[in-house]
Structure formats: C-alpha cells, structure tokens
Amino acid sequence: MHVIELRFECFDNTTISAAEKAINGLLEAYRANGQILGREFAVAFNDGEFKVRLITPEKSSFAQRFNSPWVNQALTELTCAKLLAPREKYIGQDINSEVSSQDTPSWQLLYTSYVHMCSPLRNGDTLQPIPLYKVPATANGDHKRMIRWQTEWQACDELQMAAATKAEFAALAELTSHKSDLFRRGWDLRGRVEFLTKIPTYYYLYRVGGESLENEKQRCCPKCGSNNWLLDEPLLDMFHFRCEPCRIVSNISWDHL
C-alpha cells in the first residue's frame, strides 16, 4: 500500500461547507471503487487549500483509467464548489500494510478480518490483496456492495474477538454459518466476481470451536455435505478445506491447531 496526499485548491470564492461536500463526495466515490482504503479521512484546510492523506492499494490508484462513473461525476462536482482537480503528492510506501498483487491468479478468494484494511479480494496463489478497481464493477458501476460486505464482516469479527458481550455469539454465527445473511451476500458477490473475471473465486468460511481435532478433520462441507474437501496440505498454511463445487474454503478450528 502507498500513502498519497491530495491537494484541492480554490479557483474562486467558495465556502467550507461546499468544499467539504464536494471533497467528501469524491473520497466516498474513491472508497466505493477500491481506490482508497480505510473509513475515516482527515481533510485539513490551510493556506487557501485543502489537503488529505490517503492509503491506496498502488502508486497508480488514482489513474483516470481506474475511475468509476461515480468518481468521474464527483470530480466534475469539484468545479461547482470552486475547486480545481486534486493534485497528487506521493509520500511513500506504507510499511505497516500489505503489497498488492500484480499477477493474474490461478484462483482467488474473498478473505478479510478486522485487522485488515486492504481489498477483501485475494490472490489465491499468494494471498496478496487484489485492488478492486482492477476487477469489473460488481454492482451499479463500482464495488460499494463489496466494501459494505467487508465492513460488516470486520464488525462481526471484532465482536467475536473481543468476546465481551452476548453479541459475540450472534456475530460468530454470521461468520461461521453458511445460512447467515453475511455468507449469502458474500457468496453471491463471490459468484459475481467469478463470472466477471472468469477466474475460480472462493468464499472463506471462518471456523472456530468444535470438539476435537479428529472431529474437525471429519466434518463435511456445510453447503453440499461432501466429505471429500479436506486437503492433504493446507493452502497458504491457512485453509485446510476446499470444496470445488461450492467454491468454499475453510480452516480446521483454530481452537484445535
């Protein structure tokens, strides 16, 4: 990931509220398209210009060829707020985040956690995140539904990791059950990505609990009931199960490893 500063200069008299609306609209459009990462963006005003530092998947994430229709519309709305198109200043590589995948994967998967800010679409060969703008829009011109699903998955993950309230159990059910709303939406998005990219795309089904390591090895695919999904060797040292027809990968319960 990379840190890039965007600067917005005024070309005529404007107001803070008009500039705020236009800049935040652009940032939200960039986020929905996967061009910037994270949820909160501090926009500062000083010496007649607005500045914001952002995390991007790649150094070239703001290239016009990656823009969604909503990003292009938000850029035109800057003019109405009397702002020039943003100028970029490259700050450097973020040493606390992952490097985006540059290669076409043989397979890919939806995988995230509450500590990950990067794209939830991962290269199945390396587990590196794939920038969402490199994939055709999954719905309504961008990837807002994918980002929303990721945010909900991470919220559930944080609740179950904290293990401090009864909400933990509801959150855990969303992460681990193939009948949950979170699974249904994510699995449908997975299918959409596979259709658009023509690359086998899997859904990671989180697993925790269980009675023993032996019982874990004997469990079946929850979606189709197949007992032939246990792998001889775990994929990427993480995924012990893979069901080809259902496009699901999973792990032996972390409680027994």
Which atom pairs, one a donor and one an acceptor, fall under 3.5 Å between side chains of residues 158-173 and the rest of the protein, sequence neighbours left out?
residue	atom	partner	partner atom	Å
Gln160	NE2	Asp157	OD1	2.8
Gln160	NE2	Tyr206	OH	3.2
Thr165	OG1	Ala167	N	3.2

Between side-chain atoms of residues 28-37 and protein atoms elsewhere (two or more places apart, or another chain), which donor-acceptor pairs fall under 3.5 Å?
residue	atom	partner	partner atom	Å
Arg31	NE	Gly38	O	2.7
Asn33	ND2	Gln35	OE1	2.9
Asn33	ND2	Phe66	O	2.8
Gln35	NE2	Ser61	O	2.9
Gln35	NE2	Asn67	OD1	3.1

Donor-acceptor contacts under 3.5 Å from residues 217-226 side chains, at least two apart:
residue	atom	partner	partner atom	Å
Gln218	NE2	Glu214	OE2	3.1
Arg219	NE	Glu216	OE1	3.2
Arg219	NH2	Ser250	OG	3.0
Arg219	NH2	Asn251	O	2.7
Ser226	OG	Asn228	N	3.1

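Relative ring orientation between Trp254 and His240 is described as perpendicular, the plane-to-plane angle rising above 60° on a 0-90° scale split at 30° and 60°.
The side chain to side chain contact (heavy atoms under 4.5 Å, CB included) search around Thr197 returns Gln108, Val135, Pro136, Val193, Ile199, Thr201, not counting sequence neighbours. Shown here are the ring pair (Phe, Tyr, Trp, His ring centres under 6.0 Å) partners of Phe195, two or more places apart in sequence or in another chain: there are none. Under the salt bridge (Lys or Arg N to Asp or Glu O under 4.0 Å) criterion, Arg7 pairs with Glu5, not counting sequence neighbours. Checked against ring pair (Phe, Tyr, Trp, His ring centres under 6.0 Å), Trp107 has the following partners two or more places apart in sequence or in another chain: Tyr202. Every side chain to side chain donor-acceptor pair (under 3.5 Å) that Glu211 has, sequence neighbours left out, goes to Asn215. Partners of Arg184 under the side chain to side chain donor-acceptor pair (under 3.5 Å) rule, at least two apart in sequence or in another chain, do not exist in this structure. In this structure Asn24 satisfies the side chain to side chain donor-acceptor pair (under 3.5 Å) test with no other residue, sequence neighbours excluded. Residues satisfying the ring pair (Phe, Tyr, Trp, His ring centres under 6.0 Å) criterion with Tyr203, sequence neighbours excluded, are Trp149, Phe183.
Salt bridge absent: Glu194 and Arg192 never bring a charged side-chain N and a carboxylate O closer than 4.0 Å. Here Lys21 does not pair with Glu77 in a salt bridge; the nearest charged N to carboxylate O distance is not below 4.0 Å.
Taking each heavy atom of Ser106 and Pro200 in turn, the nearest pair found is O-CD, 3.6 Å.
From Leu109, atom CG reaches atom CZ of Arg247 across 12.0 Å, with rounding to the nearest 0.5 Å.
Judged by distance alone, with hydrogens and angles left aside, the side-chain atoms of Gln154 form a donor-acceptor pair with the main-chain N or O of Ser113 at under 3.5 Å.
Cluster partners of Trp70, using a side-chain heavy-atom cutoff of under 4.5 Å among ILVMFWY residues and allowing indirect links: none.
More than 12 heavy-atom neighbours from other residues, nucleotides or ligands sit within 6.0 angstrom of CD1 on Ile16. The local environment of CZ in Arg145 is sparse, with at most 12 non-hydrogen atoms from other residues, nucleotides or ligands closer than 6.0 Å.
Under the 3.5 Å distance criterion, with hydrogens and angles disregarded, no donor-acceptor pair is assigned to the side chains of Ser68 and Asp142. For the residue pair Gln128/Gln102, the side-chain donor-acceptor check at 3.5 Å is not satisfied.
Stacking of Lys59 on the aromatic ring of Tyr90 is recorded, both the 6.0 Å distance cut-off and the 45° axial limit being met.
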Steps toward side-chain hydrogen bond (donor to acceptor under 3.5 Å, both in side chains) verdict (Thr138, His143): CA-CA 6 Å; Thr138 45; His143 299 284; 3.2 Å; yes
Chi angles and distances behind the side-chain hydrogen bond (donor to acceptor under 3.5 Å, both in side chains) call for Tyr111, Gln150: CA-CA 9 Å; Tyr111 168 82; Gln150 180 184 25; over 6 Å; no
